[in-house]
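In the text below, chain A, chain B and the rest are named by the order of the sequence lines, each starting its count at 1.
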Amino acid sequence: MEYNFRSIEKKWQESWINNKVYRVDTDPALPKYYVLDMFPYPSGAGLHVGHPLGYIASDIFSRHKRLKGFNVLHPMGYDSFGLPAEQYAIEHGIPPAVSTAKNISTFRSQLDKIGFSYDWSREVQTSDPSYYKWTQWIFLQLFNSWYNRKADKTDSIASLEKIFAAEGNRSHECPGDRNLVFTAEQWNGYSFKEQQEILMQYRVAYCGYGEVNWCEALGTVLANDEVINGVSERGGFPVVRKKLRQWYLRITEYADRLVSGLDTVDFSDSMKEMQTNWIGKSYGAEIDFKLASADLKEDIYLKVYTTRPDTIFGVDFMVVAPEHELVEKMTTQVQRNAVDEYLAYVNSRSERERMAEKKITGVFTGAYAVNPFDGREIPVWISEYVLAGYGTGAIMGVPCGDERDHKFAQYFSIPITNIIGEHYNGEEANPTKDAILENSGFINGMVMRDAIETVISKLEEMGIGQRRVNYKMRDAAFSRQRYWGEPFPIVWKDGVAVPLPESELPVELPHLDDLRPGPEGEGPLANLPDWKNYDGGIREVNTMPGYAGSSWYFLRYMDPSNQDVFCSRAASDYWNQVDLYIGGTEHAVGHLLYSRMWTKALYDLGHIGFDEPYKRLVNQGKIGGDSRLVYRVRGTNKFVSAGLKDQYETDELHADVNMVNGFELDTDAFRKWKPDFEDAEFVLENGKYICGSRLEKMSKRYFNVVNPDDIVEKYGADTFRMYEMFLGPVEQDKPWDTKGIEGVHRFLKKVWRLFVDEEKGKILIKDEEPTAAEWKALYRMVKKVDDDTERFSFNTAVSAFMIGINELSDLKCNKRKVLEKLAVSLAAFAPHMAEELWSMLGKEGSVLNASWPKVEEQYLVETSKMYPVAINGKTRTELSIALDATQQQVEDLVLGDEVVKKWLDGKTPKKVIYVKNKMINLVI
RNA sequence: GCCCGGGUGGUGGAACUGGUAGACACGCAGGACUUAAAAUCCUGUUCGCCGAAAAAGCGAGUGCGGGUUCGAUUCCCGCCCCGGGCACCA
């Protein structure tokens, strides 16, 4: 009776479904635990072995928590709206709804084979109208809200209207336009349309204008990664920046809370740092510089934002963003052509290219800004490294204090003023705040750090500047000119965005056969007049972005089929925050910030009782592909082994990893692989064809994809699960190599043999009392597996299992009492086998309803330890010493040792360092 | 360019809070069982030196160069290389 994983796994997977063992319900009697995997996008390529890594970890954790008495919510669903399905539809004529459904079913069957404990009765799909009805509903909540800075919370637009009618907007600065000021009288005199336009500037979900990547030839807007070197990925057509009407979420209003909220959650420091940097809060000043230009007739001021007003006497040039509104006005006749030429160049470049550009580019406008303190005229330049969206879109260049400014000044031969004396060496900028200021007028002799305040006060006094907090983060663009996304529940009437009533939700995405873009950069929905024209107005034809549905899905899982609300308060009060959230770092600043913001808004509006969605976040690494390379002699069909390739002029090709054993190519399989290789010849080394290798992304294109289905078929799901964990820390990126899986499979067979004699087909379980050594081996294992699982160190947990099983095998332990606890401890990692062993032990029901074994510490107590004894830090010998030994006892013992005596060579040690339970070190 | 992460034997990795570097596996080498194979088991396996071999011993060693410390994979400074993110991929 050998370990027949195929029949065991099939049997228990069926049993789990039939007995609905993974169904969970709210149960106030039990402590809850919510484990969530990041929402997958069901891609057409299916799962490769890298995908389930996080799912296996979270599944083990969920099962572990269940064994420890928690009511565990562990759901799964699909973020099924998205660009790839739409792209696929355009290329293959298959509607997104159809390809998505097919992908989901493939995905599901792959997941099912791995034995996950998901409660599938709670599955959600973002593209399902019963789900996106509530995405639209939340959008309307955000549309009907503004951010009350005074109260620091999201509030209803109705409350804002009341305030305007009573006192205008004097206590509530307009976030969309700081210069907008009106009284109650003015407000009450405005037309409906005028009022709506003002309200739009306050709404949390608002409509504005923003730049997109516009490709005229394709007639469509492109995502950043569809643009390569200024041309479209598809077709290579030119792409330019274009302003289009867009929806936005006013996430900037939540910036402070998004930063401070990080103190209340358990994310890695690096994750918190990334989010904090992304939000990019800075303190500084806005300063108005009067412009002087030969061609200027009127007084114009250039507003710059700086975090270092103390360096104002070191300003040698100004730089404005190419999109800056004053560019047109301040450019002089002489510089006109040069400026136009430069603007055309910049317009062809994406923002990312601009930020990543090392080459210095720029053009002089011909205008000068006047330093308000010493009257110096400072040239104003345009350069792509200044972005319109950040600060005021204009900076003051201080070459001696900022490296990028320094390079700019050097490149364009702008003379550099030194305000920090010897702290500036003329070679590179020094961003210090601790230097004493020189050449700095009224702040001469001050420490820079202190001068910041002095200058701001002075500016405010003079009325040409003010203190300003600034954020690098910008409001989130919330519309896409695409088809496969949530429609907006908005109808435009006479230029006013009118929200549809809740009773009309969901606004269903109409069926569309032709997904060509609409006119003027609009999405495909613009091509559907019957749908578009509605109730005397025109529907919003943009759709929502991918992150809409994923910003709140964790709430829907709590109450997935509720028809009346997005999630009942009873459900969200019970399940509350996600206790453990697992996913990749690539979502660090997108998804995580958006869903944190939505949660805060829903909390402020009273719909849920907590304002951070994820209590603990663990980032899983990626599993890379280990590609195999073959080398073809150029112009021939002859392939040379890797070790000999330098003797020839060769081209490198990818060979399918499935026809390579380790590094040795199966040459027959290779010949059969493609007709081109049918008569391939091989130059071998030591009779073998050895492939080269390279770690890269697991992708069809590199023929390095390993499908979990194949692994499960060959070794079983339990082996696959444990091997994925054994590969290394979950958080770390690592390559996949199927070879090592044998070790884990052997381990499981070894477990099996503790229960069963494979040859005689007899069950070995005995009712004898276990020995102390057996208990010790078991409990040491149980304890370490528990600790390691709790701290997410699954690879070391697996090795603890191996060590424990090796010991129990050596002890030939078949004692029932030990094996029962062993079966339970294995239930999270190898659930199928654990169930089989559990029933073999004569137990009723699922092993998941058992309890995690309690460790009896008395079996683990040690009385002595083998201490390493080092002399001057080098370990020279080992001594067994009682754990309760005193310093004196240790010194006597150590100094009496032969090896130690030899090294001491008659000398007395200066010092004997004895760290209890660690080591001993003699200093001589 | 900016932000974040990583670099340890032939390979994946371990060393949790500054305390025996290489646990546990893979691979490899040798052996046992077997007519043979599979399966299983045993021994060895960081590198170099010494040595017929074994044992013992010596030296070096955690990307590179410095530093702090009785002691550094771990902390600090400076570099090199690789991966992720940078706002319309999800």
Side-chain angles (χ1 to χ4, degrees), chain A residues 2 38-41 43 79 81-84 87 212-213 221-227 246 268-271 273-274 276-278 280 351-352 354-359 385 389 403-404 472-477 479-482 545-547 550 584-591 593 619 621-622 624 626 662 695 697 723 726-729 731-737 739-744 746-747 749-750 753 758-759 787-788 791 793 795-796 798-803 806 809 866-875 877-878 909-913 915 917-924:
Chain A
E2 61 176 9
M38 279 189 192
F39 225 7
Y41 175 80
S43 100
D79 191 9
F81 273 135
L83 203 50
Q87 202 53 46
V212 294
N213 299 312
V221 175
L222 297 176
N224 275 340
D225 56 315
E226 293 176 303
V227 184
Q246 300 285 349
S268 70
D269 288 344
S270 60
M271 174 63 60
E273 212 171 318
M274 270 192 266
T276 306
N277 289 341
W278 177 265
E351 199 163 284
R352 194 179 310 176
R354 283 171 56 178
M355 309 246 289
E357 186 57 72
K358 285 188 193 177
K359 209 175 72 203
Y385 78 88
E403 193 49 36
R404 201 149 49 161
K472 200 152 67 194
M473 181 169 68
R474 308 200 289 262
D475 281 341
S479 47
R480 302 290 184 259
Q481 289 67 49
R482 302 284 183 178
Y547 67 82
S550 61
T585 45
E586 63 272 26
H587 299 283
V589 290
H591 161 65
L593 283 177
N619 294 112
K622 272 180 273 298
D626 195 3
L695 296 178
K697 211 169 94 181
Y723 183 56
F726 189 57
L727 227 40
E731 291 94 333
Q732 199 172 297
D733 289 351
K734 47 202 164 278
W736 175 267
D737 180 1
K739 266 202 147 172
I741 201 168
E742 294 283 353
V744 173
R746 272 175 214 153
F747 157 76
K749 286 198 281 194
K750 210 162 175 176
R753 288 198 304 270
E758 288 185 299
E759 275 155 43
D787 289 350
D788 287 354
R791 68 185 178 95
S793 179
N795 55 328
T796 53
V798 174
S799 78
F801 270 123
M802 289 173 166
I803 293 168
N806 285 345
S809 295
M866 281 298 277
Y867 280 89
V869 180
I871 288 145
N872 283 342
K874 275 193 181 12
T875 307
T877 187
E878 284 185 335
K910 284 191 202 123
K911 205 170 170 187
V912 178
I913 294 155
V915 184
N917 213 359
K918 295 282 186 198
M919 46 66 72
I920 294 156
N921 186 20
L922 274 64
V923 187
I924 55 174

Rounded to the Å, how far apart are A/Lys734 NZ and B/U11 P?
-> 18 Å

Rounded to whole angstrom units, what separation is found between the OH atom of A/Tyr867 and the C1' atom of B/G19?
-> 12 Å

Could you measure between the two C1' atoms, the one in B/G9 and the one in B/C24, and give it in whole Å?
-> 15 Å

Using the C1' atom in both, what is the distance from B/U8 to B/G22, to the nearest Å?
-> 8 Å

Report which part of the nucleic acid A/Arg791 touches: base, sugar-phosphate, or nothing (heavy-atom distance under 4.0 Å, all strands).
-> base

For A/Leu222 and for A/Thr796, find the nucleotide of RNA chain B with the closest heavy atom, then tell me which residue's nucleotide is more 5'.
-> A/Thr796

Rounded to whole angstroms, how far apart are CE on A/Met919 and C1' on B/G18?
-> 10 Å

Between B/G13 atom C1' and A/Tyr723 atom OH, what is the distance in whole Å?
-> 11 Å

Does B/A60 have a Watson-Crick or wobble partner in any strand here, with both distances under 3.5 angstrom, and which is it?
-> B/U46

Does a side chain donor of either A/Lys750 or A/Asn806 reach within less than 3.5 Å of an acceptor in the other side chain?
-> yes

Closest to the A/His587 side chain: B/C24, B/A90, B/C88?
-> B/A90

Geometric class of the A/Phe801/A/Phe747 ring pair [parallel <30°, tilted 30-60°, perpendicular >60°] = tilted

How far does the P atom of B/U62 sit from the matching atom of B/G57, given to the nearest Å?
-> 23 Å

Using heavy atoms to find the nearest nucleotide of RNA chain B for A/Asn872 and A/Asp733 separately, return the residue whose nucleotide is more 5′.
-> A/Asn872

Look through every strand shown and name the nucleotide pairing with B/A21 as Watson-Crick or G-U wobble, where both distances are under 3.5 Å.
-> none

State whether the distance check finds a donor on one side and an acceptor on the other, under 3.5 Å, for side chain A/Gln481 versus base B/C88.
-> yes

Quick one: look up who B/C16 pairs with, Watson-Crick or G-U, both distances under 3.5 Å, and put none if it's unpaired.
-> none

Check if the side chain of A/Asn277 and the base of B/C3 share a donor-acceptor pair of N or O atoms closer than 3.5 Å.
-> no

